[in-house]
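Below is one structure, written out as structure tokens; the observations come after it.
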2 protein chains.
Amino acid sequence: MRAFTEYQTQNLILQTMKKSEATRLMILQKAFELIYAKGYQTTSIDDIIATTKVTKGAFYYHFKTKDEMGLAIINELLKPQLTAGFIAPLQNNENPLDAIYQLMQHLLLENDFLKVEYGCPAANFTQEMTPWHSDFSLALHEITQLWHTHIIAAIEKGQQNGQIRPDVNAQSVTIFVMSSYWGIRNFGKLENSKTMYIPYLKELKSYLDSLR
Amino acid sequence: MRAFTEYQTQNLILQTMKKSEATRLMILQKAFELIYAKGYQTTSIDDIIATTKVTKGAFYYHFKTKDEMGLAIINELLKPQLTAGFIAPLQNNENPLDAIYQLMQHLLLENDFLKVEYGCPAANFTQEMTPWHSDFSLALHEITQLWHTHIIAAIEKGQQNGQIRPDVNAQSVTIFVMSSYWGIRNFGKLENSKTMYIPYLKELKSYLDSLR
DNA sequence: CAAAAAACATACTAGTTAGTATGTTTTTTG
DNA sequence: CAAAAAACATACTAACTAGTATGTTTTTTG
């Protein structure tokens with residue numbers, strides 16, 4: 001009987017935590033969608049509570065300020081997405097150059113977390129927040145570094161395996177590749193079309209082949 | 001006597017037009033600096049009239065709305081800057097690949113219209129405005145196209161001169177180069193440092209050399 | 001099951017925003 | 001030089017903003 005009560009209590013805590021956590025996560029996800037689509041400044045708390053259908057009290061119970069929510073989006077949504085969608089694919093492939101190309105192709109043409117018309121979430125945040133909010137800079141810098149580190153590692157591994165020329169500078173290549181990715185997403189956003197992605201990928205392939 | 005009066009009158013008109021035009025231009029320039037530094041949304045009309053020291057009445061005499069001013073910044077400031085700083089340098093150089101490299105180097109390291117911590121003005125506008133303002137998209141698309149067209153032309157000319165391999169796809173290269181430029185500016189903005197520009201330029205050079 | 005804490009709900013506020021109404025001054029014109 | 005138009009100035013407003021004060025309901029705990 002006592003064991004049952006304990007179990008029951010535990011269960012209740014779990015369920016409660018789950019429900020509260022679920023609300024929090026739901027707010028983060030819907031808020032992200034709004035911000036990804038419209039921008040951070042132009043997405044108001046009222047917008048968020050309208051689409052999430054939580055009240056202002058509930059929102060401010062979960063997040064002290066709007067910026068705290070913004071940071072939570074970066075740390076709790078974008079970071080995991082980066083790990084799963086941008087880094088993991090680099091690891092299980094024989095040839096890092098192929099892996100990089102396939103990753104880019106997937107990110108640009110197939111990934112349905114990312115929308116062409118909205119650009120790159122991290123780049124959007126960078127553009128909008130960096131000038132006046134150092135906490136955001138820091139968080140964004142962190143996830144950027146993370147990607148950076150893993151691309152470099154992949155290239156260096158390729159050099160050790162003799163798949164990439166030894167005179168290639170892994171860091172330069174990484175920065176060049178990352179830049180081109182950010183840029184093409186900006187392009188896609190401006191044109192609101194994936195048209196540019198095709199020639200971009202074509203040239204990326206040529207470039208990567210030149211490193212073999 | 002009559003001739004003198006006519007001259008005097010003409011002169012007054014000229015001076016007046018000049019003064020009015022000067023005010024308008026001054027507003028545009030100061031507003032651009034603010035927006036370039038802080039973003040469009042976070043720059044209020046009150047900010048602008050405070051730094052320009054024109055009154056609200058004067059501001060709204062020159063611009064019907066804030067967005068009209070934003071478009072004027074793109075069309076009357078960014079567009080000429082693009083022509084002078086991004087396109088003209090491509091034309092007076094023997095080798096287009098050298099011209100492209102030198103242009104990028106100049107834009108990233110020497111141009112003092114552009115600041116590393118603020119990124120690329122056109123990219124900033126694109127990120128912030130494109131989702132919800134088609135007039136801005138159009139204006140930005142126009143200046144992007146302009147740069148695009150001239151880079152392609154330079155590369156094709158290089159191919160005719162035998163300076164660039166004939167199997168190179170001029171459009172793909174252009175998109176790749178433009179993307180990398182936008183991306184590296186985003187990088188610089190995030191890191192608030194030109195550090196990344198050096199390896200970027202190094203790799204850009206390698207890449208461009210591979211097209212010879 | 002009572003007390004307490006967690007989770008949510010409602011009504012408000014103080015500040016900011018773009019834009020306007022209504023002036024005055026300066027310049028132009030016949 | 002008088003009338004009119006251009007250029008600027010001041011005071012306001014209505015809508016929106018993030019955030020708060022003060023609840024109520026739901027859940028947890030001893």
Side-chain angles (χ1 to χ4, degrees), chain A residues 1-28 31 34-35 38-72 128-129 132-133, chain B residues 1-2 4-28 30-31 34-35 38-72 128-129 132-133:
Chain A
M1 193 64 177
R2 198 170 156 264
F4 178 69
T5 310
E6 263 178 24
Y7 168 79
Q8 203 176 37
T9 305
Q10 189 64 27
N11 202 21
L12 279 167
I13 291 170
L14 223 80
Q15 280 183 341
T16 306
M17 282 180 68
K18 259 188 184 162
K19 214 220 160 191
S20 173
E21 272 300 299
T23 306
R24 186 192 151 90
L25 196 67
M26 187 263 281
I27 296 174
L28 284 180
L34 285 172
I35 290 167
K38 308 198 311 168
Y40 183 82
Q41 316 281 352
T42 34
T43 301
S44 67
I45 306 289
D46 285 347
D47 286 339
I48 294 168
I49 68 172
T51 59
T52 54
K53 290 183 201 302
V54 304
T55 59
K56 209 156 232 189
F59 179 90
Y60 279 99
Y61 172 79
H62 288 285
F63 308 100
K64 221 178 140 189
T65 63
K66 187 187 180 184
D67 284 356
E68 190 181 292
M69 181 211 61
L71 288 168
E128 223 183 332
M129 313 302 294
W132 52 275
H133 206 307
Chain B
M1 194 64 178
R2 198 173 153 262
F4 178 69
T5 309
E6 264 178 22
Y7 167 79
Q8 203 176 37
T9 305
Q10 188 63 29
N11 201 22
L12 279 168
I13 291 169
L14 222 80
Q15 280 181 340
T16 306
M17 281 180 68
K18 258 188 186 163
K19 213 219 160 193
S20 173
E21 271 300 300
T23 306
R24 185 192 152 90
L25 196 67
M26 187 263 282
I27 295 173
L28 283 181
K30 298 248 183 190
L34 285 172
I35 290 167
K38 309 197 311 165
Y40 182 82
Q41 316 281 350
T42 35
T43 301
S44 68
I45 306 288
D46 286 346
D47 286 339
I48 294 168
I49 67 172
T51 59
T52 54
K53 291 183 200 300
V54 304
T55 59
K56 209 155 233 191
F59 179 91
Y60 278 99
Y61 172 78
H62 287 285
F63 308 101
K64 221 178 139 190
T65 63
K66 186 187 180 184
D67 284 355
E68 189 181 294
M69 182 211 60
L71 287 168
E128 223 183 332
M129 312 303 293
W132 51 276
H133 206 307

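The figures that follow rest on heavy atoms only: side chains count, while hydrogens, waters and symmetry mates do not. Labels below follow one simple rule: chain letters A, B, ... track the order of the sequence lines, proteins then strands, and each chain is numbered from 1.
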Checklist entry - Quick one: side chain to side chain donor-acceptor pair (under 3.5 Å) partners of B:D46, sequence neighbours excluded? => result B:K56

Checklist entry - Does A:T55 have any side chain to side chain contact (heavy atoms under 4.5 Å, CB included) partners at least two apart in sequence or in another chain, and if so, which? => result A:A58

Next on the checklist: Please report the distance, rounded to the nearest Å, between CD1 in B:I48 and P in C:dT16.
Outcome noted: 17 Å

Checklist entry - Judged by atom type as modelled, is there a donor-acceptor pair below 3.5 Å linking the side chain of A:E128 to the main-chain atoms of A:Q41? => result yes

Checklist entry - Does C:dC8 have OP1 or OP2 sitting under 4.0 Å from an N or O in the side chain of A:H62? => result yes

Item to check | Watson-Crick or G-U pairs under 3.5 Å in DNA chain C, rendered as dot-bracket with [ ] for crossing pairs and | for another strand | outcome: ||||||||||||||||||||||||||||||

Checklist entry - At under 4.0 Å, does any side-chain N or O of A:S20 touch on OP1 or OP2 of C:dA6? => result no

Item to check | Donor-acceptor under 3.5 Å (A:K66 side chain, A:Y40 main chain) | outcome: yes

Checklist outcome for this item: Those residues at least two apart in sequence (or on a different chain) that pass ring-ring contact (aromatic ring centres under 6.0 Å, His included) with B:Y60 are none

Checklist entry - For the pair made of CZ in A:F59 and P in C:dT10, what is the distance, rounded to whole Å? => result 17 Å

Checklist entry - Rounded to whole angstroms, how far apart are CD on A:E21 and C1' on D:dT27? => result 16 Å

Checklist outcome for this item: Residues at least two apart in sequence or cross-chain that pass side chain to side chain donor-acceptor pair (under 3.5 Å) with A:H62, listed by chain then number, are none

Checklist entry - Looking at side-chain heavy atoms only, is the closest gap between A:I27 and A:F63 below 4.5 Å? => result yes

Next on the checklist: Suppose we screen for side chain to side chain donor-acceptor pair (under 3.5 Å). Which residues come up paired with B:S44, at least two apart in sequence or across chains?
Outcome noted: B:D47

Next on the checklist: Does the protein touch nucleotides 15-22 of chain D at the base, only the backbone, or not at all? Give it as B, S and - per nucleotide, heavy atoms under 4.0 Å.
Outcome noted: --SBBB--

Checklist outcome for this item: A:K53 NZ to C:dC8 C1', in whole Å, measures 17 Å

